[in-house]
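Here is the structure we will look at, set down as structure tokens.
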Amino acid sequence: GADGNPAVSAKSGGAPVKGGTLKFAWLGAPESIDPQINSSFAGANFSNNIVDRLLFQDRDTGEFSPWLATKWEYNDDITEYTFTLREDVTFSDGTKFNATSVKNNLDQFFNGDEALGILPNGKSYLGPYQETQVVSDYVVKVRFSAPNASFLQLSAHSGTGNISFLADKTLKSSAEDRLKPENVISTGPFIVTEYVPKVRTVITRRNDYTWAPAALGHEGPAYLDKIEFITIPEASVRVGALQSGDVPAAFDILPTDEQVLTAQGFELTARINPGFTLGWQFNLSLAPTNDINVRRAIVAATDRPGFKKTLLSNSEGEAHSVLTDGVPGFADYSQGALKYDLDLAKKLLDDAGWQPGADGIRAKDGVKLQLKGTGNILVPDARVTYEATQAALKSIGVEVEIVFDPRNIPAEQLTAEYHLANINRGRNDVAVLNTQLNPDRGNGAVIPADFPDRARIVKTFDALDTATGAAQAPLAKAVQDLIHEELVLVDPQFQTSQVAAAKGVQNIYLDGADRLLFLTTWVGGK
Amino acid sequence: MSLLSFTDVSIWYIRRGEQPSQAVAGVSLAVAPGELVTIVGESGSGKSTLIRSAIGLLPANSRISGEVRLADADVAGWSHNRFARYRGTYVGFIPQDPGVSLNPVKPIGRQIEDALRNRLRRHRLLPFGNGAHNLRIRSDAFRFLELAGLSAPEAIYAKYPHELSGGMKQRVLIAIALSGEPKLLIADEPTSALDVTVQKQILDHLDLLRRELGIGILLVTHDLGVALDRADRIVVMRNGSVVEEGTSGEFLHGVRDDYTRRLLDAAPGLHTGRLTPRPIELARAAAGEHERSTSEYAIEVTNVSKTFTTRRGGVEHSVKAADDVSFKVKSGTTHALVGESGAGKSTIARIVAGLTAADSGEVRLLGQAGRWSRKRLSRSLQFVYQNPFSSLDPRFSVADLVTEPIRVHRKDIGRRDRYEIALELLDGVRLPHRYAKHKAGELSGGQAQRVAIARALSLNPEIVILDEAVSALDVSVQAEILQLLADLQAAYSLTYLFITHDLGVVKLLADTVSVLRAGSVVESADTASVLGNPQEEYTKLLIDSVPGSHLKV
Amino acid sequence: MNYALLKLGRALIVVWGAFTASFILLYLMPASPIELLFPPNERASIDPQAFKEMEHAYGFDRPAWQQYVDRLLAALHGDFGTSVGTGQPVIKAIGEALPNTVILAACALVLASLFALSIAWVATYLESARLRNLISSVPPLLVSFPSFLLGLIIIKVFSFQLGWFPPISGEGLRGLVLPAVALAIPVSGPIAQLLLRNFQTEYASPYVLTSYSKGTRKGKVLNTEVLRNASLPALTQGGIIVGELLAGAVITETIFSRAGIGRLTEDAVRAQDVPIVQGIVMLVAVCFVTVNFIVDVSYPLVDPRLKAVSKGVTA
Amino acid sequence: MTMRLTTASGLDALDATTPSAPPRRRFGVLHPVVAQPGLVLAVLVILLAVAFCVIPGVFTWKDPYVPDTSAILAGPSAAQPFGTDRLGRDIYTRTVYGTVITLTATLLAVSIAFFIGTALGLVAGFVRGVVDLVLMRVVDVLLSVPGLLLTMVIVSALGYGTTNVAVAVGISSVANFARVMRAEVLKVTQADFVEAAASIGTHRLAILLRHVLPNSMSSVVALIPLQFGSSILAIAALGFLGFGAPPPQPEWGLLVAEGRDVLAVAPWISLFPGAVILSVVLASNRISRALQPERGL
Ligand SMILES: Nc1ncnc2c1ncn2[C@@H]1O[C@H](COP(=O)(O)OP(=O)(O)OP(=O)(O)O)[C@@H](O)[C@H]1O
Ligand SMILES: Nc1ncnc2c1ncn2[C@@H]1O[C@H](COP(=O)(O)OP(=O)(O)OP(=O)(O)O)[C@@H](O)[C@H]1O
Ligand SMILES: [Mg+2]
Ligand SMILES: [Mg+2]
């Protein structure tokens, strides 16, 4: 994909050293060590190291390569996927990983298990999942009731909604038992050995691990003996602990600290979060954002290049599209639909008949240009860019009220009252547009049922599910054109990033979904 | 040589942003061994301030000049720690109010042992943790408690202050003061808070100590009777200075100072007969005349009983506050209820006033039995409380206070008219008109009590119940109020039910008297016969205890 | 005995009241707890069927009164449901967090009491009015200091600048020092104010004069006479102080990366984890009434004035 | 118990012979200034804060909302006394304009607490019996959950925002007023003058309004500035935790919170607004102390 903002990346120095314990400070803590419960960022980052995926996705090209599955194919409708599995993979309790394991895991992920207190955690991610058939010991077929092109990426996905494979013993354990490390058994390079909620999670190397994805260029077990994830919720304390040497490495580094840390000789490992760029999606059912000119004006008033120059950190990127630069199918709109032009914004509003009122706020037919929007408190710089956009809009007569922590706003209220809703959804696949904005699915832009040409819009989105790989590119472009040029559904702000900082820790690796993978990391050097 | 001498002592109290106020102005005074010197004076005359300087217990915001000599040292202005050497051993102190002068959460025994230990430690006599010494201290403590007149010290040794009566507490305090075997005792109104009978016992005991041990005593009192009874020398203080000094005999033979004269006149114990009413310019209360009853007895109390049950810490206690009480009061006369604290005087008064319901018995007012409505009752009967400040709403002006009953009863009388009535009522109680706009909190005790009386009269009642209405006042003020009451009674033909614990006052005002003890009437007859020829032992004791009653002017 | 039963009854009523109030408050919350499991912008894309099933699994789909009765009955058996976020039983989640907070709060309480007591003692002992005023102005300062800033400043100075203590209180006593101090300081403010006032009133009582007149030195007067009388009434504030400690832990534990009730509270409130929040409210309410109950029942034992009066002796 | 009354001079003013004029004040009108510099300073601080609310434009000519990309994270200087934030906005200006947000919220919180609390306490203390029992249990319930936690729960139920935070803080402080008011009412109804008023047949309501209410107000009134101070802190704490006013409003707690993450790089963002909060709270506590009825020493 296009590489508008090369991510800062740690140089690996010298030959890998085996052994050692890594203390790793971060913001959150897994709310559970059950990898199938992965709604939190920390949860997915931790479990990424104790489980493996069917496929491995290249973080730069988005291409898939073998991991637990050596071969994969799908039918023309993209409703059936057949995976051929590696035969040498074992769970850490010694049991074999095979076709039945895949079936049992997918079934439980989709259906849950009331008796064990397991919730249907995967229901909303697996979509039109129908069943899994065990074709032979090591061949398995996953069937959907409708086309599901994005399942391929899901089988390599490590972010929210990922599919993790657990041993039978774990699958038969109750929700409560799965809070004990000894009951959480999987195939990954590490085993969870200690879990103190909100304080510490410790994972220990599996010495018989030999099925690292070939594309990663690593063979055999991980280098590190042990990784201790330490939760330090307060950003300034986290950085302080890093600086004072209390921990050698830390995650969730705030953009404001990047410069300071680099100056102090810390190596930063950073990557843009693939998926949606962070931004507002417009509510097309509400006045005045149902007026396309208003939407255009807002998009034109957002100073994306300016943000990159003055507000954002090195690791964060200017938004060029609704998709981040690395997602396969990405197209650049920064010189077109997303061009910053405050005068144009004004003109658009003037032309559309929005006249400035006595209080400086524009109005038309008694409707004032007063908007409500949600922000994002988890990404620190989102506060800043939204506030900057807010101030810019104010200067052209548009008033925006932003609720920065929208977590307790119910969905209904969100669609009924908010003109601008923050989105920031990770997934290294263009399918993310479909789940989020397709009027028949997520309908994030709240496109009303009687919207002109609705059927065509839905069709354009649905088409994404019918192709993969290169064939998908034109379809993705069509959807992005629809989003940015024809309908103006979103106002992207910037591309978010994940940053880890370390001293004396080599090769901290952020995978295709920007989750940590410690298989190739070692301590030493320097 | 004197034990204690003040030479030209002046003491000021300072307060931030205010000019220092002088509480003692150039006093000189000495106490010799075996001598009992009393300081008399009205409240605020600087008595306590002066004597506290002799034991270093002035508050931090005081400043002293002059010389206070204990033995050879000039101790004026010493710090607590420097003074510690003299306290207890050279000079003992008996505080004013026994109720609050003992630590409420320490057993009595510990409190006196503390004093003994302080002394022994100072003389390096107390090796730590020696059982024999503990025994010795305990036996010493017993000895001093006995010396202070507590015959069974073992019984109270482990008790807490609240479990003792006022007299016993005062004796404990005396024991503490004596335990250091001081040469000088300083007593600040040691008996003012006690019943007369107890007061007499305590004072007798102090007298005995002085004679037997040769201790010098400096006694403060506001009761000239007490001073005249016992002192070798009397010092009268006013506004911080000594206005007169002399022996008891000299005082009785004529005093030079005008103020001392008035004190002498006002001392109830020295009175012999009833007050003669002075004429009053009648200002007929505009609340309007209402028919006055013609019954012979204004109040008839028959077999009234009342038991109070209280819970404390989950345990129930019952007190028989009135036990089959009966008495009658003729219209237009004064009936006094006397007795020690807790005898049930207030309870009966409140039952008569309808403020408390009796368990059994009957109260007939103005010849009518049965329930009276509040409004109806308050037209004929009014109640005057002991403490005028708590019975007058501090936010009301004097004018509003005295006419509040009129406002409630006579909606037809307007604000302006009420103010006129208020002024008339103030005339009646001899309070200048300028006070009409004052708030109750800005008045002195005597003035406030006048307001309370004016208020009681505003509805032109027939009966007024006065519950210790003068007990809280200084003697000189007390005399004025008593005179006023006599005047008002004559002018308005009122019936008084007068509650007091002071037999001296009874002589001045009452036609008939009932002596109460533990809820029951011991004796009830006309004043002259009860006081002149008491039938009961208890009444005799009461009469005997009135200070100054043996003296002849 | 009756008295203890009466107090116990009141305590139970308060606990029940807290349960009901928290149920009403939490039930009235705008969003369904299930929705809150998902990020706001993903909520629209939740499969309605899956949503229903999850709602059913947690029992949020039944009528309010039924949920109330069920929860109340369950609560009586010590079951407050399971956390919506983690699926862990509430009792267990709280049980795991509690020891940390108890240790922290206990240390903070000891520090706060000692600190408050020293201020009150010294302010009463000093003869110089100037010094006395100076010391007396410390408690108001403590009360007025924004506690959320205090922790950050403390950690910056003592951990990062001076390096005396580790910033994360993982292991050992050394890690406990800073958080305990940060929690103790705001809590000690009100205690110090109360003690200071009590010391002054008690010191002005006449029995102090009696003690002086025995020849006792000032320090001893304060220790043997004033101290106990002045500090006992502070016990009646016990329930409120314990509450303050727990509330203070919300911020302290976040800043010092300690897992405990405070962190659990903040997380749960943010994530609107209804069962956990209710569990915590109940925990706090129970702590409050227990402490108050103990104080109420034991106060008569330490204050002889409240002991059963066995007929006053009369002279 | 027998009690002896002493008036200021201890003398009956009727006595013509005794001068009873109070001691003259040394400093005339200036007296309180010299006597209680702390109190005067406190009043000045509060007046300044009020002036910030009413005429913010007098104290700064800048706009609290407009970003300035040329002065991002600038430290304190003559031009920006408190420094600037991440968008280059002047912290001092934002603090000045934030006063009105924080103080209005505080006022709302205190009013809620005062009116509801006082009414509850008055009714409970005056009516007694079952009503008292029920109301006091309600107050106990409110007390049993510490303020911060209670407000957090209420805010999460009502939704975020300044008004909701103010309401929550108000509700959680109701108990304080109710308790003090009830105690005071109980004390006042024990007073002889209430009995005296009842004994002349005054209507219960009239007793309540004319005697009990005015006489029991002084302690609750003294509680107001104290509560004002603690409400500022509570509102700021909730703002700090992100429950309060939405950005870019310069609410005080939010200002402190904005600097929380950059404390190492730009401590001024948190510290100056923090100091402003401290001084206003300190000032209102001082004023409360001055209003408190005198006692002891
Ligand atoms: N701590 C104090 N601070 C300021 N003024 C005081 C203080 N103690 C007493 N005074 C004032 O000093 C004067 C003398 O008071 P003092 O207590 O010595 O009088 P007293 O004769 O003992 O009165 P009483 O008979 O009421 O005990 C009074 O005007 C009193 O108001
Ligand atoms: N409301 C009450 N509740 C319980 N006990 C009471 C009550 N009123 C009075 N008593 C008790 O009844 C007894 C008589 O009290 P009362 O007030 O009538 O005595 P008194 O003679 O007026 O005493 P004093 O001279 O101290 O005023 C006392 O033991 C008192 O404690
Ligand atoms: Mg005195
Ligand atoms: Mg009485």
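Throughout, a chain's letter reflects where its sequence line sits, starting with A, and its residues are numbered from 1. Not measured: the values here are computed from a predicted model.
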Please work out which of the three classes, parallel, tilted or perpendicular, describes the rings of C:Y125 and C:W121, given edges at 30° and 60°.
->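 Rings of C:W121 and C:Y125: parallel, as their planes differ by under 30°.
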
Under 4.5 Å from any heavy atom of chain C - which part of [X]:
| X | value |
| --- | --- |
| B:L57 | both |
| B:R110 | neither |
| B:P104 | both |

Mind ranking [options] by heavy-atom pairs under 4.5 Å with chain C and telling me who comes out on top?
| options | result |
| --- | --- |
| B:G92, B:S179, B:A115, B:S101 | B:S101 |
| B:I186, B:V105, B:V91 | B:V105 |
| B:L150, B:L102, B:N61, B:I55 | B:L102 |

Pick one of side chain, backbone, both or neither for C:E127, based on which atoms fall under 4.5 Å of a heavy atom in chain B.
-> side chain

May I ask you to check whether B:Y538 and B:E340 show a side-chain donor-acceptor distance below 3.5 Å?
-> yes

May I ask you to say whether B:D140 pairs ionically with B:R143, meaning some side-chain N is under 4.0 Å from a carboxylate O?
->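 A salt bridge is present here (some side-chain N lies under 4.0 Å from a carboxylate O).
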
Cationic N near anionic O, under 4.0 Å, C:D296 to C:R10 = no

Sole candidate of B:H205, B:E146, B:Q201 that passes side chain to side chain donor-acceptor pair (under 3.5 Å) when paired with B:R171 | B:Q201

Side-chain touch B:I112/B:V172, heavy atoms, less than 4.5 angstrom |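 With C-beta onward as the side chain, the pair stays apart.
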
